[in-house]
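Heads up, the thing below is written out as structure tokens.
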Amino acid sequence: PFVILTLFMVIIMLNLLIAIMGDTFDRQQAMSKRTKNYQWSLLLAEYEKLESKESKITKYPFAFKTAICWAFHDSSEEEGEDDGQWEGRIHEMSRTAERAVGRLRMELRIENARSNLIRADMQRSIRDIKQSQIKLQEHFEKNEKEMKE
């Protein structure tokens with residue numbers, strides 16, 4: 001039993017390690033755009049500093065401010081996230097599933113509304129057919145009475 005339990009624990013720990021590394025990789029991928037923007041802003045700031053030292057007049061006066069604003073722009077706003085914190089792949093999958101369930105519920109409501117309309121149309125048609133049958137039956141009875149007389 002000890003060997004089996006130890007082997008089982010090793011497998012569980014390896015799975016945990018793989019999950020942690022996958023989550024870390026995903027987090028780093030999400031932060032890569034922000035890091036790229038920050039590095040780009042540092043390059044622009046350095047260029048601006050060199051340019052102002054050589055010519056005493058900055059060629060691009062707003063480059064540094066623009067670069068800093070660009071670097072610290074939160075890319076999560078574009079994705080619709082409001083807090084910018086990394087919540088992991090499971091949370092992202094959960095939100096995707098919730099959106100899919102919401103869309104399915106909306107489609108179900110639409111289909112229910114359509115089926116209710118179809119049901120109402122069918123009931124109207126059945127009522128019209130019954131009224132027509134009654135009128136035809138009355139007409140036939142009237143014609144039979146006239147023929148007997």
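Pairs engaging residues 135-146 under the salt bridge (charged side-chain N to carboxylate O under 4.0 Å, His left out) rule: none recorded [sequence neighbours left out].
Using a 4.5 Å cut-off on side-chain heavy atoms (C-beta onward), R27 and D23 make contact. You'll find the side chain of R119 reaches within 4.5 Å of the side chain of Q123, heavy atoms only.
Expressed to the nearest 0.5 Å, how far CD1 of I18 lies from CE of M13 amounts to 13.5 Å. To the nearest 0.5 angstrom, S115 atom OG is 12.0 Å from I110 atom CD1. To the nearest 0.5 Å, atom CG of residue L136 and atom CD1 of residue I129 are 11.5 Å apart. The line from CD of Q131 to CD of Q133 is 11.0 Å long, rounded to the nearest 0.5 Å.
Note on R95 versus E98: no salt bridge recorded, every NZ/NE/NH1/NH2 to OD/OE distance being 4.0 Å or above.
With sequence neighbours left out, the side-chain contact (heavy atoms from CB on, under 4.5 Å) criterion links M21 to L17. Legend: residues meeting side chain to side chain donor-acceptor pair (under 3.5 Å) with R103, ordered by chain and number and at least two apart, are absent. Every residue two or more places apart in sequence or in another chain that forms a side chain to side chain donor-acceptor pair (under 3.5 Å) with R124 is listed here: D121.
The number of heavy-atom neighbours closer than 6.0 Å to CZ of R105, taken from other residues, nucleotides and ligands shown, is 12 or below.
Here the side chain of N116 pairs a donor or acceptor atom with the backbone of N112 at under 3.5 angstrom.
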Original post:
Could you walk me through whether M122 and I118 pass the side chain to side chain contact (heavy atoms under 4.5 Å, CB included) check?
Top reply: CA-CA 6 Å; M122 289 177 65; I118 291 171; 4.0 Å; yes
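With side-chain heavy atoms closer than 4.5 Å counting as contact, directly or through intermediates, I4 stands alone and belongs to no larger hydrophobic cluster. Listed by chain and number, the hydrophobic cluster partners of I11 are L7, where partners are ILVMFWY side chains within reach of under 4.5 Å, directly or through others.
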